[in-house]
Asker: 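Got a structure here, written out as structure tokens. Questions coming.
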Number of protein chains: 2
Amino acid sequence: MFQVPAKTQYAIRALAHLARSGGDSAARISSAQNISVKYLEGILNQLKLSGIVVSDRGRGGGYRLSRPASEILMIDIVAAMEGDLRPVECVDDSTVCSMEAFCMPRRFWLGLKDSVEGYLKSVNLGDLAEEPLVTFCGTGQKKEHDNV
Amino acid sequence: MFQVPAKTQYAIRALAHLARSGGDSAARISSAQNISVKYLEGILNQLKLSGIVVSDRGRGGGYRLSRPASEILMIDIVAAMEGDLRPVECVDDSTVCSMEAFCMPRRFWLGLKDSVEGYLKSVNLGDLAEEPLVTFCGTGQKKEHDNV
DNA sequence: CCATATTCCTACTATTCCCATAGGAATTTA
DNA sequence: TAAATTCCTATGGGAATAGTAGGAATATGG
């Protein structure tokens, strides 16, 4: 389990960029962060639907955070990109299995979920964005893009 | 991130079965746990290569745990099936990125990794196997198999 | 010694998910 | 009205996942 998808990593970098710049267009985020423009557009749109960013269309438009970076928890970002954390189906759908309460595997997975959620709630975007260095590190990118 | 693959869930169920039965053949584990026989064979072989189970070939053979269930940590099982935990590339390969020490995203992912590893080290197979009910729950299985 | 039960090995396939790419429509502003 | 921008939909290649299939190698019990 548990490779973080490129999409989520891009989202975090794009949001850190917005936190530091105060707002920017997809094209400029793309070239600053070395992420394919078209792919990034979809990511930003997804973040918008989740209420994490707001956008202005047309010339001079772009994206901004919808609230202070310190109020955006890392778990909000992960949830926006990937939906709720669910290591196995039955953790949030008890109808999958009739044994709910007494099922030890389920309790085990539930504990794992709690552990991860706890961590992701303990860090916010401001923590990441205030650092002097927010690099390309940790993207899983294999090659350079043209960002055209 | 972080759906647990069926393979890992099967491995855990198979091992819990072995812990409770004291040893069994792939065919019997398969029918008891409702896992496709041929697929299970591959899983058990992988667990053998990692030293978690031992096997006896030929008639009357089968698989057994290589050590007491209480000495098999859940992280051993996960590592056997999926390799080391690595949410993003750079967490264990600092050459991916030149910023290592000061890269905030990297520190963030590293913290997540520690959190998950800590949990997986805190639970052992005995904890799961000693429970009265170890069911099919949490497999992501969509349909029944024939287990022929 | 031989039928049978078992692990072990290799190759194949179907499906799903991931990571984009592509083209253009809609919108806003200078 | 041209340019910059978001927004929408469709397509495709590659990798991983989940499983199938067939049979070789090995050991045991009768």
Side-chain angles (χ1 to χ4, degrees), chain A residues 1-11 13-14 18 23-31 33-50 53-64 66 81-83 86 88-89 139-148, chain B residues 1-11 13-14 18 23-31 33-50 53-64 66 81-83 86 88-89 139-148:
Chain A
M1 79 199 113
F2 167 66
Q3 270 264 80
V4 178
K7 203 173 191 177
T8 303
Q9 300 179 48
Y10 293 157
R13 293 214 327 254
L18 287 180
D24 219 340
S25 71
R28 273 191 300 271
I29 300 172
S30 160
S31 75
Q33 289 291 320
N34 195 38
I35 302 169
S36 152
V37 148
K38 283 296 199 178
Y39 196 39
L40 181 60
E41 283 181 3
I43 290 169
L44 287 165
N45 198 256
Q46 213 170 328
L47 291 169
K48 184 195 170 180
L49 293 174
S50 300
V53 302
V54 292
S55 62
D56 299 302
R57 294 178 78 163
R59 187 167 185 163
Y63 298 88
R64 292 170 283 122
S66 67
M81 303 313 295
E82 307 173 39
R86 186 191 312 178
V88 298
E89 270 190 51
T139 53
Q141 278 174 328
K142 300 301 180 201
K143 56 172 182 132
E144 300 292 304
H145 301 288
D146 286 343
N147 306 321
V148 178
Chain B
M1 81 198 110
F2 161 70
Q3 270 264 84
V4 178
K7 203 173 192 177
T8 304
Q9 299 181 48
Y10 293 157
R13 295 217 324 257
L18 287 180
D24 218 339
S25 71
R28 274 191 299 272
I29 299 171
S30 160
S31 74
Q33 289 291 320
N34 193 37
I35 302 168
S36 151
V37 146
K38 283 296 198 177
Y39 197 38
L40 181 60
E41 284 181 1
I43 290 168
L44 287 165
N45 199 256
Q46 213 170 327
L47 291 169
K48 184 194 169 180
L49 293 174
S50 300
V53 303
V54 292
S55 62
D56 299 301
R57 294 178 78 163
R59 185 167 186 161
Y63 297 88
R64 293 169 283 122
S66 67
M81 302 313 295
E82 306 174 39
R86 186 190 314 177
V88 297
E89 269 190 49
T139 53
Q141 277 175 329
K142 301 300 180 201
K143 57 169 183 134
E144 300 291 304
H145 300 287
D146 286 344
N147 307 320
V148 178

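Just so you know, these numbers come straight off a predicted model, no measurement behind them.
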Asker: When you get a sec, tell me which of dC8(C), dT6(C), dT20(D) is the closest nucleotide to the side chain of Ser36(B)?
Answerer: dT20(D)
Asker: Could you state the atom-to-atom distance from OH of Tyr39(B) to P of dT13(C) in whole Å?
Answerer: 18 Å
Asker: Rounded to whole angstroms, how far apart are CG on Leu49(A) and P on dC7(D)?
Answerer: 8 Å
Asker: For Phe2(A) and dT17(D), what is the distance between atoms CZ and P respectively, to the nearest whole Å?
Answerer: 15 Å
Asker: Base, sugar-phosphate alone, or nothing: which one does Gly62(B) contact when heavy atoms must sit under 4.0 Å apart?
Answerer: sugar-phosphate
Asker: Of all residues at least two apart in sequence or in a different chain, which pass the side-chain hydrogen bond (donor to acceptor under 3.5 Å, both in side chains) check with Ser55(A)?
Answerer: Lys48(A)
Asker: Considering just the side-chain nitrogens and oxygens of Tyr10(A), establish if one lies under 4.0 Å of OP1 or OP2 belonging to dC19(C).
Answerer: no
Asker: Take atom CZ of Arg64(A) and atom C1' of dT5(D), then tell me their distance rounded to the nearest Å.
Answerer: 14 Å
Asker: Once you round to the nearest 0.5 Å, how far does CG of Leu44(B) lie from CG of Leu49(B)?
Answerer: 11.0 Å
Asker: Given atom CG of Leu47(A) and atom C1' of dC7(D), what is their separation to the nearest angstrom?
Answerer: 15 Å
Asker: Working to the nearest 0.5 angstrom, can you tell me the gap between Met81(B) CE and Ser50(B) OG?
Answerer: 8.0 Å
Asker: Drop me the distance from Ile35(B)'s CD1 to Ile43(B)'s CD1, to the nearest 0.5 angstrom.
Answerer: 6.5 Å
Asker: Using atom CG of Asp24(A) as one end and atom C1' of dT6(D) as the other, report the distance to the nearest whole Å.
Answerer: 14 Å
Asker: Going 5' to 3' through nucleotides 21-30 of chain D, assign each nucleotide B (protein heavy atom under 4.0 Å from a base atom), S (under 4.0 Å only from sugar-phosphate atoms) or - (no protein heavy atom that close).
Answerer: -BB-BBBB--
Asker: Verify, without hydrogens or angle tests, whether Ser66(A) (side chain) and Val54(A) (backbone) share a donor-acceptor contact under 3.5 angstrom.
Answerer: no
Asker: Which residue, Tyr63(B) or Thr8(A), contacts DNA chain C at a nucleotide closer to its 5' end, judged by nearest heavy atom?
Answerer: Tyr63(B)
Asker: Given dC8(C), dC7(D), dG19(D), identify the nucleotide with an atom nearest to the side chain of Asn45(A).
Answerer: dC7(D)
Asker: Specify whether Tyr39(A) and Tyr10(A) have parallel, tilted or perpendicular ring planes, treating 30° as the upper limit for parallel and 60° as the lower limit for perpendicular.
Answerer: perpendicular
Asker: Tell me the interatomic distance from Lys7(B), atom NZ, to dT20(D), atom P, rounded to whole angstroms.
Answerer: 14 Å
Asker: Report the nucleotide, chosen from dT6(D), dC7(D), dC19(C), that has the shortest atom-to-atom distance to any side-chain atom of Ala26(A).
Answerer: dT6(D)
Asker: Would Asp24(B) and Arg64(B) pass as an ion pair if we require N to O under 4.0 Å?
Answerer: no
Asker: Nearest of dC8(C), dC7(D), dG19(D) to any side-chain atom of Ser55(B)?
Answerer: dC8(C)
Asker: Gln3(A) has an atom CD; how far is it from atom P of dA15(D), in whole Å?
Answerer: 14 Å
